[in-house]
Each structure stands twice: as C-alpha cells, then as structure tokens.
Amino acid sequence: MPKEPAVSADQTTLAFDWSCRVFAENGCGFPSPGLHSFIFKPMFTVGGYDFDKPMLLAIITSLVVVGFFWAAFSKAKVVPGKLQMVGEAGYDFVRRGIVYETLGKREGEKYVPLMVSIFFFVWIMNLWSIIPVAQFPVTSIIAYPAAMAAIVYVTWMVLTFKKHGFAGGFKNLTGFDKSLGPVLPLVVVIEFFSNVLVRPFTHAVRLFANMFAGHLLLVMFTVASWYLMNSWLIAAGAVSFVMAMVMILFELFVQAVQAYVFVLLACSYVQGALAEHH
C-alpha cells in the first residue's frame with residue numbers, strides 16, 4: 001500500500017519527503033500540495049498568540065515599504081538620485097494612474113498617501129510568493145486581505161456619513177429614490193446588501209482567492225518537477241519544471257494586477273462615498 005505523503009502542518013510550503021519520487025522503492029505517492037501548504041509551525045508564542053512565518057513576512061513587508069519610501073524621500077532633492085526616482089515613479093503611478101483617474105486631482109490628492117501605502121503593502125505581500133526562502137504570498141491567508149479590506153471599508157463608511165449625514169448616507173448606500181415607486185423597497189434591500197455586506201467580502205476574497213490558487217499551482221508544478229525527474233519520466237519532470245517557470249512569470253503579472261485592482265476598488269468606494277446623491 002502506498003504511504004501518505006510525508007508532509008505535515010509544521011513544515012514549510014515546499015517541504016516534503018525528498019525520497020518520495022515516482023517509481024521509488026518506498027512506494028509513496030505524489031505528495032500533492034493542499035491546505036497543509038498554507039499552515040506553518042509557530043516560531044514562538046506570546047500571550048497565547050502564535051507567531052508564524054506569514055506574520056513575520058507581513059512585518060518585514062511593513063519595514064520594507066516604510067524603509068524604502070523613507071530612504072527615497074527623507075532627503076529629497078530637486079535633481080533626484082536613483083532611489084528617489086524609483087520612489088517617485090511608484091508613487092506617481094498610483095497617484096496619477098489610479099487615484100486621479102478615479103477621484104480626480106482635487107478630491108483625490110488627500111487620499112494618495114493611503115492608496116500608495118495599500119498598493120505597495122499588498123504588492124510586496126504578494127511578491128513573497130516567488131522570493132527564495134520566503135516562497136509564500138501572505139495574502140493567500142484570508143486574514144490579511146480581510147484586514148486591508150476592513151481599512152478600506154471603515155474609510156468608506158466614515159466618509160459616506162461624514163459627507164452626507166445619517167439620512168443622506170443611508171440614501172447613498174441604498175440608492176434610495178422615491179421616483180422608483182413600488183420597487184423602491186426591493187432596490188433598497190438589494191443595494192444595502194450589496195454595498196454594506198457583499199462589497200467588503202468580495203474585496204477581500206478577490207485578492208485572497210487569486211493568490212491562494214496561484215500559489216497552489218506554483219507549489220504543485222515545483223514539487224512535481226522533482227517527483228517526476230526519475231527513471232524514464234524525466235521528460236515529464238522537465239515539462240513540469242518549465243511550467244513552474246511559466247507560473248512564476250505569470251504570478252509576477254498577477255501579483256501586480258491584484259494590487260492594482262485592490263486599490264482601484266478602494267478608490268471607487270471612496271468616490272462613491274463622496275458622490276452627490278441624486
């Protein structure tokens with residue numbers, strides 16, 4: 001009887017029994033990745049809370065983002081150096097390419113720092129997936145996209161009721177319009193459910209699901225490369241290795257796109273909060 005893959009919850013994403021290969025004498029099957037690929041042994045425990053690898057990567061992400069922009073702009077010059085140029089290019093991409101396009105220059109300028117922070121925080125958390133040693137996208141753990149979506153959600157709600165008041169904010173969120181006549185109650189319920197409950201959920205899940213699926217595929221092809229490079233199936237292992245390389249390139253694209261979409265949606269929510277209700 002083939003034995004179970006030697007993969008346990010206390011191992012890292014790519015950890016498995018290296019002796020487990022096709023046609024191996026130990027008779028083990030393919031160590032397919034699964035939910036265990038997203039579970040890590042706690043590094044240490046503080047006050048009953050476990051501190052694991054994704055938490056460490058999230059903290060490093062914060063340090064990288066803050067450290068980079070501090071280094072780029074703490075001593076800004078009229079004629080920028082290389083680091084300042086890269087920082088300005090990244091900042092300007094979010095400011096002009098996302099915030100200004102969605103909110104306009106006058107309204108959007110005050111939200112640029114928030115959106116830039118969210119974009120680079122999400123992007124770097126995604127990027128860990130293809131960084132050696134790290135090899136794990138933090139956003140494939142639902143708690144992190146949910147926390148980011150919660151920040152956007154609170155900002156959206158506060159702006160909505162601050163600008164329109166309670167009654168106006170309710171109308172803004174529900175599309176309340178007396179001219180709708182008999183269908184008004186149905187529209188109010190649908191719009192309220194969609195805006196207040198569904199939007200924050202989909203905002204988080206969209207990012208999570210894409211990074212979860214991408215990482216699972218990347219791990220599968222990587223593990224399969226080693227598993228199949230044995231005996232006459234070495235050609236199949238080579239194909240799997242090529243697919244792993246293709247997935248890395250594809251993930252580079254997806255990681256940036258997901259950060260872009262996350263911030264674009266955040267800006268659209270803010271724009272909806274600031275829009276006048278008709």
Side-chain angles (χ1 to χ4, degrees), residues 5-21 30-46 49-72 83 86-87 90 117-145 147-148 207-230 237-238 240-259 262:
V7 187
S8 60
D10 64 345
Q11 292 174 300
T12 55
T13 309
L14 298 181
F16 65 100
D17 186 353
W18 290 94
S19 67
C20 189
R21 306 180 76 179
F30 176 64
S32 58
L35 291 178
H36 57 262
S37 301
F38 299 84
I39 301 174
F40 296 86
K41 181 180 179 180
M43 296 177 175
F44 54 85
T45 301
V46 178
Y49 292 95
D50 294 332
F51 187 90
D52 57 13
K53 181 177 178 178
M55 292 180 183
L56 176 62
L57 293 177
I59 291 174
I60 294 175
T61 299
S62 301
L63 295 176
V64 168
V65 173
V66 173
F68 171 77
F69 282 104
W70 179 269
L83 191 62
V86 173
S117 300
I118 292 175
F119 177 88
F120 284 98
F121 191 67
V122 171
W123 182 47
I124 299 299
M125 287 201 297
N126 293 347
L127 202 59
W128 288 119
S129 174
I130 60 171
I131 302 298
V133 180
Q135 295 173 302
F136 187 79
V138 182
T139 45
S140 65
I141 303 294
I142 186 62
Y144 296 94
M148 301 299 294
L207 174 59
F208 156 73
N210 277 278
M211 300 314 301
F212 181 93
H215 183 64
L216 205 59
L217 286 172
L218 184 56
V219 173
M220 183 183 70
F221 285 119
T222 303
V223 172
S225 300
W226 172 259
Y227 180 75
L228 293 172
M229 282 189 178
N230 189 26
S240 182
F241 178 78
V242 170
M243 286 302 300
M245 295 301 102
V246 170
M247 281 301 304
I248 288 175
L249 295 176
F250 182 67
E251 279 296 287
L252 274 171
F253 172 74
V254 171
Q255 289 158 3
V257 168
Q258 287 305 311
F262 194 89

| Nearest atoms (heavy-atom pairs only) where F221 meets M247 | CD1-CG, 3.8 Å
| message | Do F68 and L83 make a side-chain contact, defined as non-hydrogen atoms from C-beta onward lying under 4.5 Å apart? | response | yes
| If only atom types and distance count, is the side chain of S140 paired as donor or acceptor with the main-chain N or O of M211 below 3.5 Å? | no
| message | For the CD atom of E251 and the CG atom of L218, what is their distance to the nearest 0.5 Å? | response | 6.5 Å
| Any P42 side-chain heavy atom under 4.5 Å of F51 side chain | no
| remark: Distance col, row F121:CZ vs N126:CG, nearest 0.5 angstrom, shows 10.5 Å
| task | Would you mind reporting whether I141 and F136 have side-chain heavy atoms less than 4.5 Å apart? | result | yes
What pairs of donor and acceptor atoms, side-chain ones from residues 55-64 against any protein atom, are under 3.5 angstrom apart with sequence neighbours left out?
| residue | atom | partner | partner atom | Å |
| --- | --- | --- | --- | --- |
| T61 | OG1 | L57 | O | 2.7 |
| T61 | OG1 | W128 | NE1 | 2.7 |
| S62 | OG | A58 | O | 3.2 |

| What distance do Y144 atom OH and L207 atom CG have between them, rounded to the nearest 0.5 Å? | 13.0 Å
| query | Rounded to the nearest 0.5 Å, how far apart are NE2 of H215 and CE of M220? | reply | 12.5 Å
| request: Test F38 against L216 for side chain to side chain contact (heavy atoms under 4.5 Å, CB included), laying out the working first. | output: CA-CA 9 Å; F38 299 84; L216 205 59; 3.6 Å; yes
| said: Does any part of the side chain of V122, heavy atoms only, come nearer than 4.5 Å to the side chain of M148, both counted from C-beta? | reply: yes
| remark: Residues at least two apart in sequence or cross-chain that pass ring pair (Phe, Tyr, Trp, His ring centres under 6.0 Å) with F120, listed by chain then number, are F69
| query | From K53 NZ over to I39 CD1, what is the distance, rounded to the nearest 0.5 angstrom? | reply | 14.0 Å
| query | Just wondering, do F262 and Q258 contact through their side chains at under 4.5 Å, heavy atoms? | reply | no
| task | State, yes or no, whether a side-chain contact exists between S129 and Q135 at a heavy-atom distance under 4.5 Å. | result | no
| task | Please identify each residue that fulfils ring pair (Phe, Tyr, Trp, His ring centres under 6.0 Å) with F208, with sequence neighbours left out. | result | F212
| said: Less than 4.5 Å apart, side chain to side chain, heavy atoms only: is that true for L252 and L127? | reply: yes
